[in-house]
Amino acid sequence: MLFAAWMAELFPYLPRKNQQEIIAEITDALTKRNQFVFESGTGSGKTICVLAATLTYALENNKKIIYTTRTNAQQQQVILELRAIKKKTKDSRIIGIGMQGRGNMCLLAKDNPEMQNGSSEELSRFCSHQKKLAVSEKGKGCSYYKRYLGDKDHVGTIMEWMQKNLPTAEEFIGTCEKQGICPYEVNKLIVHDALVVVVPYVYVFDKSIRIKLFDWLAISEEDVILVVDEAHNLPDYLRELFSAELSTWMLNSCLMEADQFGNPSLADGRVSVAAFCKEILDVVTVLRDTYVYGVLEGGIRRINNEKNDALIPSHELEVEILSRLKITSKTLKDIVSDLFAYGEKIQEYKQKGGKLPRSYLHNLGVFLGFWTSIEMDQYIKLIVDAGEGKNPRVEAYCLDPSVGTDILKDVHCSIHMSGTLEPLDEYRDSLGLPIETRMAMYPSPFPPENRKIFFVRDVTTRYDEMMKDKTILPQMWRHVSGICNNFKKNTMVFFPSYNTLSMFKKNGHFAEIQRCLYIEEQHMSQSEIMDLVTDFKSCGDENGDGAALFSVMGGRISEGMDFPAEQLEIAVIIGIPYPKPTARQRGLQYFYDQKFGKGWEYTVQAPAARKMLQAIGRLIRNENDRGVAVILDKRAPRFHQYIKDMRESKDLLTDISCFLKR
Ligand code: SF4
């Protein structure tokens with residue numbers, strides 16, 4: 001009934017059949033408090049469906065919606081859809097806000113690179129001190145906070161404007177900046193009245209940040225409807241969030257800190273801070289030499305250049321520290337406590353000096369405390385040779401994303417969606433969702449004849465074969481340059497990694513592309529990427545000649561950016577983006593084999609399929625879009641279960657030409 005009302009009166013667009021089904025299913029899941037996991041093709045309008053269903057239910061049942069996204073671009077999309085609903089309904093109860101991390105919202109941190117890299121805890125301490133100064137000492141502390149406290153009229157006007165206009169986070173921050181008022185503080189006020197809060201994953205899955213968010217919202221977990229957008233990213237995101245590492249760069253920073261702030265002794269004079277750090281530095285280097293480069297035999301080191309990480313025995317790091325320093329594990333615990341205490345003092349000192357309260361020694365204490373208490377059934381310990389041999393690190397890598405999903409059991413209902421989530425049972429099992437979780441796959445609502453996918457059998461990026469057969473790479477390049485040079489259409493070429501992209505670049509191949517060429521670089525800022533994409537899109541306009549954009553699968557462009565109509569008509573996939581066979585990847589595969597009996601399917605095949613489908617998904621964003629994708633790898637047929645409409649091409653240029661002319 002509720003759903004019928006939305007469809008008839010309030011849904012802001014003409015609903016497609018798929019969308020009606022999705023809304024009905026979500027409404028039922030909300031009513032029965034089931035978890036709901038679903039896949040619906042990229043561009044099929046999932047966001048508006050989820051908002052329509054959850055808003056109706058939330059208003060009727062006094063709930064709030066926390067909508068989580070991976071990127072700021074996805075967050076913007078949610079706010080725009082919410083605006084469309086509000087415009088149609090004119091319902092003043094629909095208040096939604098987009099929140100970003102404090103690094104983006106703190107105006108003092110905005111143009112300060114050190115602050116931008118601060119952790120949420122460091123920025124929170126920095127802010128507390130600035131606020132304290134602002135109220136207690138004249139002429140000191142954060143001016144944006146002072147204005148926030150002292151100009152209630154202005155704050156009230158901003159809040160009214162927000163409630164009425166539903167700005168994106170970027171628009172809101174810009175407005176506050178113009179008024180000289182802290183956006184973070186205004187957000188905290190308004191979030192209490194918001195019905196929908198759109199946040200990055202970290203606000204929900206990092207417990208310390210989540211507690212703050214729920215306090216501002218002033219609600220209990222069971223009154224929250226949680227939405228996870230682009231959910232295929234969540235397992236990897238959680239693995240990263242719950243992993244920890246200690247690099248030689250960080251240990252050198254600890255030494256500099258000891259040099260700058262004094263070098264006290266630890267554990268009742270057993271060892272000085274600097275001596276302790278130097279010992280760990282040496283242990284990390286020896287671990288790298290032993291496990292990554294190969295065991296020293298007769299004084300000869302066997303360097304293995306193909307390897308850059310290795311598993312290490314679970315207690316090797318601490319056993320080595322104990323034996324070198326001739327201390328017991330009880331003394332090591334005392335050392336860790338002393339590092340905490342000493343680090344706290346440094347943090348306070350920096351805080352008082354108006355700096356980011358970061359202490360590397362404190363972080364070292366946190367790391368060692370964590371490292372020595374890990375449950376080894378959910379983690380592996382690795383030594384990684386990073387920074388071209390200059391920055392090796394030890395890493396506790398979290399294999400099991402379910403360590404961070406307790407919140408999913410506590411909320412009223414969680415809805416997980418993506419354009420590429422298959423196999424759904426892998427997602428459910430990875431996150432530890434109950435077996436009775438609802439799962440659904442919705443076919444693409446767009447005409448199948450508008451999309452063609454070809455693959456070829458004469459090339460591959462399989463390493464062994466490329467090494468053996470030197471004709472493969474030139475043939476691969478002939479395909480790429482042939483497609484880019486023969487069709488005056490906007491074309492995107494997706495490489496499996498930045499390394500492969502730069503390999504082609506170094507070989508001088510790019511000079512053969514006879515059209516406007518854009519290249520995504522790994523270290524581009526978000527605004528640089530946006531500029532690049534805007535320029536590329538404009539080449540697909542009526543008057544444009546079409547351009548080529550070289551990008552990577554699994555990157556910021558291939559996932560989450562829209563290229564409707566002529567903005568993109570051809571997508572070229574170079575090779576199968578299998579994960580690199582690192583020790584970390586092997587550990588993950590083994591874990592999934594042990595737990596679910598599907599290591600290869602869940603950790604190799606499914607992630608590679610998702611990356612390809614995300615890239616192909618950029619082609620078709622509505623009923624009228626047409627596009628052709630080409631997979632340049634003979635292994636493509638292994639993915640028929642994911643890409644059912646894929647066909648072999650014996651003559652790529654003719655096949656593409658026929659499709660485009662149709
Ligand atoms: Fe930053 Fe706002 Fe805190 Fe000032 S009050 S330090 S602008 S977050």
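Counting starts at 1 for both ligands and their atoms, following the listed order. Numbers here are sequence positions counted from 1.
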- prompt: Can you tell me the protein heavy atom closest to atom 4 (Fe) of ligand 1 and the distance?
  reply: Cys142 SG, 2.3 Å
query: Is Cys106 touching ligand 1 with its side chain, its backbone, both, or neither, if touching means heavy atoms under 4.0 Å apart?
result: both
- request: Using a strict 4.0 Å threshold on nitrogen-to-oxygen distance, state whether Asp406 and Lys409 make a salt bridge.
  value: yes
field: Cationic N near anionic O, under 4.0 Å, Lys178 to Glu171
entry: no
- prompt: Do any of the N/O/S atoms of Cys127, backbone or side chain, fall under 2.8 Å from atom 4 (Fe) of ligand 1?
  reply: no
- prompt: Does atom CD of Glu528 have more than 12 heavy-atom neighbours, drawn from other residues, nucleotides or ligands, at distances under 6.0 Å?
  reply: yes
message: If the cut-off is 4.0 Å to any non-hydrogen atom of Leu107, which atoms of ligand 1 fall inside it?
response: 7 (S)
message: Looking only at protein heavy atoms, which one is nearest to atom 2 (Fe) of ligand 1, and what is the separation?
response: Cys182 SG, 2.3 Å
statement: Per side chain to side chain contact (heavy atoms under 4.5 Å, CB included), Val197 is matched among Leu217, Ile65, Val204, Ile190 by Leu217
- request: Using a cut-off of 6.0 Å, state whether more than 12 heavy atoms not belonging to Lys132 lie near its atom NZ.
  value: no
